Amino acid sequence: MRYDYKTIEAKWQKRWEDEKAFEAVDFSEKPKFFSMVEFPYPSGAGMHVGHIKAYSGLEVVSRKRRMQGYNVLFPIGFDAFGLPTENYAIKTNTHPRLVTDKNIEKFTQQLKRVGFSFDWSRVVDTTEEDYYKWTQWIFRKMLDNGLVFRDKALVNYCPSCKVVLSNEDSQGGKCDICHSDIVQKSKDVWYLRITEYADKLLRGLDNVDYLPNIKMQQENWIGKSTGAFVKFALGGTDELLTVYTTRPDTLFGVTFMVMAPEHPLIDKYADKISNMEEILAYRTECSKKTEFERTQLVKEKTGVCIDGFKAINPVNGKEIPVYISDYVMMGYGTGAIMAVPAHDQRDWDFANKFGIDIIEVIKGGDITVEAYAGDGEMVNSDFLNGYTNKKDSITRMIEELEKKGLGEGGVQYKMKDWAFNRQRYWGEPIPIVHCEKCGIVGVPYEELPLRLPAMDNFEPGQGGESPLATLEDFVNCKCPKCGAPAKRETDTMPQWAGSSWYFLRYIDPHNEERFADPEKLKYWLPVDWYNGGMEHVTRHMIYSRFWHHFLYDLGEVPCSEPYAKRTAQGLILGPDGDKMSKSKGNVVDPNDVVDAYGADVLRVYVLFMGDYESATPWNDSSMRGCKRFLDRIASLCDIAEGEGVTPELESAFHRTIKKVSQDIENMKFNTAIAAMMSLANDIFAVGKITRDELATLVSLLCPFAPHICEEIWEYLGNTTLLSLGQWPTYDEALTVSNTVEYAIQVNGKLKSTIVLPADVDKETAIKSALLDEKVAPAVEGKQIVKEIFVPGKIINVVVK
RNA sequence: GCGGGUGUGGCGGAAUUGGCAGACGCGCAAGAUUUAGGAUCUUGUGUUUAUUCGUGCAGGUUCAAGUCCUGUCACCCGCACCA
């Protein structure tokens, strides 16, 4: 058969679409399988091959599941709000709506050309009113349930994008979008109280099947630590200064305290502090430092001693000095620490610089040289002396503190509340009204969606105002509660909002009454298998798990965890081994590959090129090998004859069915394809194949290269779709052949190989081995000390 | 600094978990076919003169180690003054 991929691919894509082959059926009797890939951001550049690899994994799994008789929901959509589109819109003076529609059209066309078996009847677009209505609805529910609050805070501000960023979006002091330096700025910020769900999000990980490194990253992100809160009296005030520590048992080693420069107690007692000017100067200096400077200057500690009050150590009554220093952050713990220089390197550095006492309380290190953070016997610690177990000494100290009312055990999380507003146009308007009398009032549910108003100039205002703030009609409104004139919130939601619940909308994308029908949610949830990039396993996944947990607490969804299983694909690197990027000019466009080789070749190659979870460089000639493979498969039509089984191939077929079936489940697509290539090699070596066997082979290959396989299936006389056909089964007994090639070793060195019956016994095997013409001379005249026989594998003779 | 991961031919990568290292593919070489190029097909391809030596490096356990143990180096990815 001639492999005319252009004609073949167009033909089958049309037929799948005409027959609605891949549309999921709600409430079908078949077992359900909900597989989901991370929906793309429809950028103007179109897709690159990385997208194709990201979708091909679950594409193969989904196609296999359909052939195994599952009712498969494999949806796709577009996460289309966000800055790149908006920036492009500003630059070209086109409305972001038009830009988005154009980009979505381009992406859709590209995805369809590759032949992905998405359910195109359920496409969601986060920027459509009937979608973001429900994004706003969930936000309103959060507002009702006390999970939304407003605070003035120092925020990460990107002067280039003119936008406030979350900590997550400004890692390393750089803007996640344009990579400019972030500055700190005081602003009103809307927060979502995600920290309230920290423990639920952590415990939920026990019941899901995520790759171990994904779980670990999420645990790390949540960052739970256990320890104690300890209260220190401040001499000369009625105040208790609370600190958080993971090692309350080192309390006898505390020789000073440190507060974050912005700590509010400093302002409260400003009139008691004689060196306030010095402190204010230090504060100013700190606020000027960028994140980069703060992390680079890690070793050099700076600070100022507060001249006005001293702290009292609650366990021994000692007076100790209090400093401010920027190595203590306002954002973690209580913004103040007890310093134990003998056993914390940062405290040690600080003490060393400022000439503060260092008292050893744990034996084992040399505290004149550096802090000792290891375990050991407690000393200089009164009732804790002699303790050697960290856990016991901590427990004992917490008991003691609780008895005196000077402290208690507690936990802390690294995770911070989610800064949820952006001063940009292309996002979901935050459905809130500011009323002078009533304060913050939610837009009534029946008024949702709060539509993004049409406007011409989406450029952010100077000073970081949202462009919406310039629209009088939008801003001025009536208070929904009291009817008095009020003002609308003009900020919009961050891009993470729409993607926090999209998997729910796939289940019922056209519902006008609810975000999704409860019965349908019950049928489809949870997502059985979710695949995406490693870069999203903390932010997007934690945010969306948070929203889902919240909806679960409201009784809106039937399970607490949205994703039963999560995997991640590795990047495709450029041919030069570098990350693909437009600036490096090493981006491979999937359209070019489809034009030159066909969609099936592209699909097979992105899965064959390497381990699915690892980063692998693109290689054009390696891809041509995949083309050759499919050509050879097509050419099998010319030799396929007769029915039934070719005896020489029977075992190879059963082994391949087993291997491919298992490898797909483990995402070992590269070895699955290798196994089919091997089988093809065997077939050509034998020189014949029956029509039945060819049908089996194309069934196995169909999830990978569906167009050519459908064509061959039709060539074999079938009128049904192979994509909805039967997944081949294998007979375990036939996967093993009745002879085995044994390796023969003498003293562990390979000497020869020998073919023996599979059920050979040890005695016969060794006897035959010793007769081998290469083995005999090596053994001759020597004494046999030991004979090792591993059934099915190896014979080893030890001689002296 | 902390946490996790990876080191195997010229290249991408395999190795049913301790049992013939290099499956499969690329590349390369020779041959066939072809007016030629391309494509296709066949054979070969870690190293080395038989023999050896070979999975980052150095030791160890074992009849047997890419796989287990100890130490060490390099690279990659997270988080990062987290108290």
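None of the values given here were measured: they were computed from a predicted structure. Throughout, protein chains are lettered first and strands after them, A, B, ... in sequence-line order, and every chain is numbered starting at 1.
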Next on the checklist: In whole Å, measure the gap between the P atoms of B/C53 and B/G44 for me.
Outcome noted: 26 Å

Checklist entry - If you pin A/Asn213 and A/Asp344 to their nearest nucleotides in RNA chain B, which one's is more 5'? => result A/Asn213

Item to check | Between B/G54 and B/U47 - C1' atom distance, rounded Å | outcome: 7 Å

Item to check | Torsion-based syn/anti label for B/G9, 90° from 0 as limit | outcome: syn

Next on the checklist: Restricting to side-chain hydrogen bond (donor to acceptor under 3.5 Å, both in side chains), what partner residues turn up for A/Tyr597, sequence neighbours left out?
Outcome noted: A/Arg624

Pairs of donor and acceptor atoms involving the side chains of residues 785-799 of chain A, under 3.5 Å and at least two apart or interchain, shall be tabulated with distances.
{"from": "A/Asn796", "atom 1": "OD1", "to": "A/Gly748", "atom 2": "N", "distance (Å)": "3.1"}

Next on the checklist: In this structure, how many angstroms lie between the P atom of B/A14 and the CZ atom of A/Arg655, rounded?
Outcome noted: 21 Å

Checklist entry - Between A/Asn213 and A/Gln217, does any side-chain donor sit less than 3.5 Å from a side-chain acceptor? => result no

In residues 667-678 of chain A, what donor-acceptor pairs under 3.5 Å come from side-chain atoms, sequence neighbours left out?
{"from": "A/Lys668", "atom 1": "NZ", "to": "A/Asp611", "atom 2": "OD1", "distance (Å)": "3.3"}
{"from": "A/Thr671", "atom 1": "OG1", "to": "A/Asp663", "atom 2": "OD2", "distance (Å)": "2.9"}
{"from": "A/Thr671", "atom 1": "OG1", "to": "A/Lys668", "atom 2": "O", "distance (Å)": "3.1"}

Next on the checklist: Taking B/G38 as the reference, what is the distance to B/G78 when you measure between their P atoms (whole Å, please)?
Outcome noted: 44 Å

Checklist entry - At under 4.0 Å between heavy atoms, what does A/Asp611 touch on the DNA or RNA strands: base, sugar-phosphate, or nothing? => result sugar-phosphate

Next on the checklist: Using atom C1' in both nucleotides, what's the gap between B/G46 and B/U8 to the nearest angstrom?
Outcome noted: 11 Å

Checklist outcome for this item: Correct closest heavy-atom pair for A/Ser635 and A/Phe684 would be OG-CZ, 3.6 Å

Checklist entry - Can you list the residues that meet the salt bridge (Lys or Arg N to Asp or Glu O under 4.0 Å) rule with A/Lys224, with sequence neighbours excluded? => result A/Asp199

Item to check | Pairwise salt bridge (Lys or Arg N to Asp or Glu O under 4.0 Å) hits with a residue in residues 739-759 of chain A, at least two apart | outcome: none

Checklist entry - Just how far, in rounded Å, is C1' of B/A15 from CG of A/Asp663? => result 12 Å

Item to check | Summary of protein contacts for nucleotides 20-27 of chain B, nucleotide by nucleotide, where a base hit scores B, a sugar-phosphate-only hit scores S (4.0 Å, heavy atoms) | outcome: B--BBSSS

Checklist outcome for this item: Per the O4'-C1'-N9-C4 / O4'-C1'-N1-C2 angle with a 90° window around 0, B/U40 comes out anti

Item to check | Interatomic distance at P, B/C57 relative to B/U62, whole Å | outcome: 23 Å

Checklist entry - Which part of the nucleic acid, if any, lies within reach of A/Ala615 when heavy atoms closer than 4.0 Å are counted: base, sugar-phosphate only, or nothing? => result sugar-phosphate

Next on the checklist: How many whole angstroms separate atom CE of A/Met338 from atom C1' of B/C81?
Outcome noted: 17 Å

Checklist entry - Less than 3.5 Å between a donor and an acceptor, one on the side chain of A/Lys414 and one on the base of B/C79, is that the case here? => result no

Checklist entry - Which ranges of RNA chain B pair up as stems, where a stem means three or more consecutive Watson-Crick or G-U pairs with both distances under 3.5 Å? => result B:1-7 with B:73-79, B:10-12 with B:24-26, B:27-32 with B:40-45, B:56-60 with B:68-72

Next on the checklist: For A/Tyr323, give me all partners under side-chain hydrogen bond (donor to acceptor under 3.5 Å, both in side chains), at least two apart in sequence or on another chain.
Outcome noted: none

Item to check | Integer angstrom distance from the C1' of B/C20 to that of B/G66 | outcome: 14 Å

Item to check | Set of residues satisfying side-chain hydrogen bond (donor to acceptor under 3.5 Å, both in side chains) with respect to A/Asn747, sequence neighbours excluded | outcome: none

Checklist entry - Can you pull the salt bridge (Lys or Arg N to Asp or Glu O under 4.0 Å) pairs that have at least one residue in residues 568-580 of chain A, sequence neighbours excluded? => result none

Item to check | Integer angstrom distance from the P of B/C68 to that of B/U6 | outcome: 10 Å

Next on the checklist: Categorize A/Val790 for me: base, sugar-phosphate, or nothing, with a 4.0 angstrom heavy-atom threshold over every strand shown.
Outcome noted: base

Checklist entry - Between B/A23 and B/A74, how far is it from one P atom to the other, in whole Å? => result 32 Å

Checklist outcome for this item: ring pair (Phe, Tyr, Trp, His ring centres under 6.0 Å) pairs touching residues 743-774 of chain A, sequence neighbours excluded, are none

Checklist entry - Would you say the side chains of A/Gln569 and A/Asn531 form a donor-acceptor pair under 3.5 Å? => result yes

Checklist entry - Listed in order of residue number, which residues of residues 250-259 of chain A have a non-hydrogen atom at under 4.0 Å from RNA chain B? => result none

Checklist entry - Is the phosphate of B/A83, meaning OP1 or OP2, less than 4.0 Å from a side-chain N or O of A/Tyr244? => result no

Item to check | Short side-chain N/O contact to B/C81 OP1/OP2 from A/Ser325, under 4.0 Å | outcome: no

Item to check | Salt bridge present between A/Arg247 and A/Asp249 (N-O < 4.0 angstrom) | outcome: yes

Next on the checklist: Expressed as a whole number of angstroms, how long is the span from A/Lys353:NZ to B/C81:P?
Outcome noted: 18 Å

